[in-house]
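Please read the structure below before turning to the comments.
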Amino acid sequence: MARPDDWIDRTVIIGTDMYGGDTMGTLEEVSDRGVVVRHEIVEVESELVEIESESELVEIESESEAKLQSIFYPWTKVNWMYDPEE
């Protein structure tokens, strides 16, 4: 598999065996061991709220602010990767 050093700081789409499905993010680092990709992660927070009229507990989910997270993908788990701008 080609190690695209020239894609650093560019958006890449990567297919892995780690999390299922395609992943998109900014390529931060390429090494002999794998790649580091920075993703935008949206955390979903939930809380239990009691509704007084029905005496039930209802779980309400809300999205918090998007945060960036870098994830290392070893070459053994990378099925394919490409730069959508090329």
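Everything quoted here is computed from the prediction, not taken from an experiment.
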Flag the pair [X] / [Y] as yes when at least one side-chain heavy-atom distance between them is below 4.5 Å, and no otherwise.
X	Y	value
Asp32	Trp75	no
Met24	Thr11	yes
Tyr82	Ile14	no
Ile8	Val30	yes
Met81	Val35	yes
Val37	His39	yes

### Query
If you group Ile, Leu, Val, Met, Phe, Trp and Tyr by side-chain heavy-atom gaps below 4.5 Å, do Phe72 and Leu27 land in one group?
no
### Message
Is there a path of hydrophobic side-chain contacts, each under 4.5 Å between heavy atoms, that joins Trp7 and Val78?
### Response
yes
